[in-house]
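Single-structure report; data block below.
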Amino acid sequence: MAQTPYGTEDFDSRQFRTAMGQFCTGVTVITTVDDDDRPVGFACQSFVALSLDPPLVLFCPMKTSRSWKAIERKGKFVVNVLSNRQQDVSAAFGAPGDDKFRNITWDPSPAGLPVIRHGLTWVECDIERVTDGGDHHIVIGRVQVLGEVLQDRPLLFYRGGYLSTEHPRVTPAQAELEHFLTWTGGDTWL
Ligand SMILES: Cc1cc2nc3c(=O)[nH]c(=O)nc-3n(C[C@H](O)[C@H](O)[C@H](O)COP(=O)(O)OP(=O)(O)OC[C@H]3O[C@@H](n4cnc5c(N)ncnc54)[C@H](O)[C@@H]3O)c2cc1C
Ligand SMILES: NC(=O)c1ccc[n+]([C@@H]2O[C@H](COP(=O)([O-])OP(=O)(O)OC[C@H]3O[C@@H](n4cnc5c(N)ncnc54)[C@H](O)[C@@H]3O)[C@@H](O)[C@H]2O)c1
């Protein structure tokens, strides 16, 4: 049953979060290295694929974020897309801390930024533009490198908690059609 809507800005922060929590998203960890080459990062659900040509993405860090300050100085970041096995990774990077990488295994991206192991995929980006978003920044990044894709289920954030979903099944007929549509070997079968 529909609830009575709240009036113009006649709501508190808890009510706003409850409303926004109805929108289910994936979870990423945005990483970089600081001036001393130490890995830093934070859990981030405000990540969006923005543009295909040019390839742009965006995310929104709190203006008080120390990770953001390191990302801004470096001018580069990696977006790590988490799998459903990485709830603990999200929890570690979703809370303030000075050594969030303590129990995290990672490899350097081409630019030397942390790629967290066992994520669904990752992209390395250069900061293209930063605009104002209230108590957050809106950071637009230009994608430079696409990481490999792992066949696993995503970690989802919904109503302030974690969820997972079945990976969509690919039937043999769909796989055959995909192979046909992406074939680059020429018309050798004719
Ligand atoms: C699933 C999920 C999704 C999230 N999505 C987003 C998102 O899209 N955008 C976003 O900005 N955040 C998001 N968060 C929250 C974010 O991950 C956490 O706030 C994280 O701690 C931020 O890390 P940081 O390094 O950016 O900030 P930190 O530097 O860890 O700071 C976090 C807050 O703590 C304060 N602080 C830091 N150090 C101290 C100290 N020594 N003493 C007192 N206060 C201190 C800072 O001022 C800041 O307000 C999300 C969290 C979760 C779990
Ligand atoms: N965009 C963000 O900055 C953001 C997003 C999600 C969670 N968080 C933080 O992570 C922690 C865990 O969250 P929770 O489990 O209590 O969920 P919650 O119930 O506080 O969040 C529900 C929804 O509200 C929105 N939200 C929450 N905090 C926000 C913020 N500071 N700015 C903008 N939107 C926000 C998000 O859409 C989130 O999915 C909290 O400290 C929360 O502030 C921050």
Side-chain angles (χ1 to χ4, degrees), residues 3 5-6 9-50 56-104 106 109 112-125 127-141 143 152-165:
Q3 285 182 345
Y6 296 106
E9 297 214 6
D10 180 24
F11 50 82
D12 61 23
S13 147
R14 184 60 262 166
Q15 289 162 325
F16 178 67
R17 286 173 177 210
T18 299
M20 295 304 104
Q22 309 311 305
F23 183 59
C24 182
T25 71
V27 182
T28 71
V29 173
I30 313 272
T31 56
T32 195
V33 288
D34 67 13
D35 294 341
D36 299 320
D37 254 1
R38 280 186 309 230
V40 294
F42 76 103
C44 181
Q45 65 160 182
S46 58
F47 167 72
V48 182
L50 177 63
L56 302 176
V57 296
L58 74 74
F59 73 96
C60 306
M62 278 187 296
K63 285 180 176 170
T64 52
S65 157
R66 287 178 296 172
S67 292
W68 162 245
K69 287 183 177 68
I71 293 165
E72 186 178 32
R73 275 199 299 275
K74 187 74 186 171
K76 293 174 181 295
F77 60 91
V78 163
V79 182
N80 295 271
V81 181
L82 299 191
S83 81
N84 73 323
R85 298 166 203 268
Q86 294 180 302
Q87 207 170 300
D88 54 338
V89 177
S90 177
F93 285 93
D98 286 326
D99 188 13
K100 297 176 187 172
F101 278 85
R102 199 171 43 249
N103 297 312
I104 303 290
W106 60 276
S109 71
L113 312 186
V115 172
I116 296 170
R117 284 207 195 149
H118 311 304
L120 290 188
T121 195
W122 56 271
V123 289
E124 187 191 83
C125 308
I127 295 176
E128 177 98 351
R129 200 175 323 139
V130 182
T131 58
D132 186 69
D135 56 10
H136 287 57
H137 296 293
I138 302 168
V139 181
I140 296 176
V143 178
D152 210 335
R153 288 184 283 161
L155 181 63
L156 303 177
F157 194 61
Y158 175 60
R159 294 186 172 178
Y162 295 104
L163 277 182
S164 186
T165 182

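Numbering of ligands and ligand atoms starts at 1, following listing order.
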Among [options], which one puts a heavy atom closest to [atom]?
atom                    : options              : result
atom 24 (P) of ligand 1 : K100, Q87, M62       : K100
atom 53 (C) of ligand 1 : F93, Y158, Y162, F42 : Y162
atom 15 (C) of ligand 1 : A43, G97, C44        : A43
atom 48 (C) of ligand 1 : V29, V27, T64, L82   : T64
atom 1 (N) of ligand 2  : H136, R159, R17, Q45 : H136
atom 3 (C) of ligand 1  : H136, K69, Q45, H137 : Q45

Do any non-hydrogen protein atoms sit less than 4.0 Å from [atom]?
atom                    : value
atom 11 (O) of ligand 1 : yes
atom 40 (C) of ligand 1 : no
atom 38 (C) of ligand 2 : yes
atom 6 (C) of ligand 2  : yes
atom 36 (N) of ligand 1 : no
atom 23 (C) of ligand 2 : yes
atom 44 (N) of ligand 1 : no

Please confirm whether the backbone N or O of [Y] pairs with a side-chain atom of [X], one donor and one acceptor, at under 3.5 Å?
X    : Y    : answer
T28  : C44  : yes
N80  : V29  : yes
K100 : V89  : no
S65  : S67  : yes
T31  : G41  : no
Q86  : R117 : yes

Does any N/O atom on C60 come nearer than 3.5 Å to any N/O atom on ligand 1?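 Checking ligand 1 against C60, an N or O pair does fall under 3.5 Å apart.
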Starting from [atom], what is the nearest protein heavy atom, named by residue and atom, and what distance separates them?
atom                    : value
atom 34 (O) of ligand 1 : P96 CG, 3.9 Å
atom 8 (O) of ligand 1  : S46 OG, 2.7 Å
atom 25 (O) of ligand 1 : S67 OG, 2.6 Å
atom 25 (C) of ligand 2 : M20 CB, 3.9 Å
atom 34 (N) of ligand 2 : F16 CE2, 4.8 Å
atom 18 (C) of ligand 1 : G94 O, 3.3 Å
atom 10 (O) of ligand 2 : G94 O, 4.9 Å
atom 26 (O) of ligand 1 : S65 OG, 2.4 Å
atom 28 (P) of ligand 1 : R66 NE, 3.8 Å

Do D36 and R38 meet the salt-bridge criterion of a basic N to acidic O distance under 4.0 Å?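 Counted as a salt bridge, because a side-chain N and a carboxylate O are separated by less than 4.0 Å.
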Between D132 and K63, is there a salt bridge with N-O shorter than 4.0 Å? yes
Step by step, work out the side-chain contact (heavy atoms from CB on, under 4.5 Å) result for L113 and W122. CA-CA 11 Å; L113 312 186; W122 56 271; over 6 Å; no
Shortest non-hydrogen separation from [X] to [Y] and the atoms involved:
X    : Y    : result
D152 : R85  : OD2-NE, 2.6 Å
R66  : D98  : NH1-OD1, 3.0 Å
C24  : L156 : SG-CB, 3.9 Å

In terms of atom number and element, which parts of ligand 2 are under 4.0 angstrom from non-hydrogen atoms of G21? 22 (C), 23 (C)
Distance under 4.0 Å to a non-hydrogen atom of G160: what atoms of ligand 2 satisfy this? 15 (O), 17 (O)
Relative to ligand 2, is F157 under 4.0 angstrom through side chain, backbone, both or neither, heavy atoms considered? side chain
When rounded to the nearest 0.5 angstrom, what is the spacing between CG in L82 and OG1 in T121? 12.0 Å
What distance separates F93 CZ from I30 CD1, expressed to the nearest 0.5 Å? 11.5 Å
Verdict with supporting geometry, V79 and F47, side-chain contact (heavy atoms from CB on, under 4.5 Å): CA-CA 9 Å; V79 182; F47 167 72; 3.8 Å; yes
Quick one: do Q22 and Y158 satisfy side-chain contact (heavy atoms from CB on, under 4.5 Å)? Show the steps, please. CA-CA 6 Å; Q22 309 311 305; Y158 175 60; 4.3 Å; yes
Within-cut-off N or O pair, R14 and ligand 2, under 3.5 Å: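 The answer is yes, given that R14 and ligand 2 share an N or O pair closer than 3.5 Å.
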Please list, in number order, the atoms of ligand 1 under 4.0 Å from a heavy atom of P61.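 Counting atoms of ligand 1 from 1, those under 4.0 Å from P61 are 11 (O).
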Does A91 approach ligand 1 within less than 4.0 angstrom via side chain, backbone, both or neither, non-hydrogen atoms only? neither
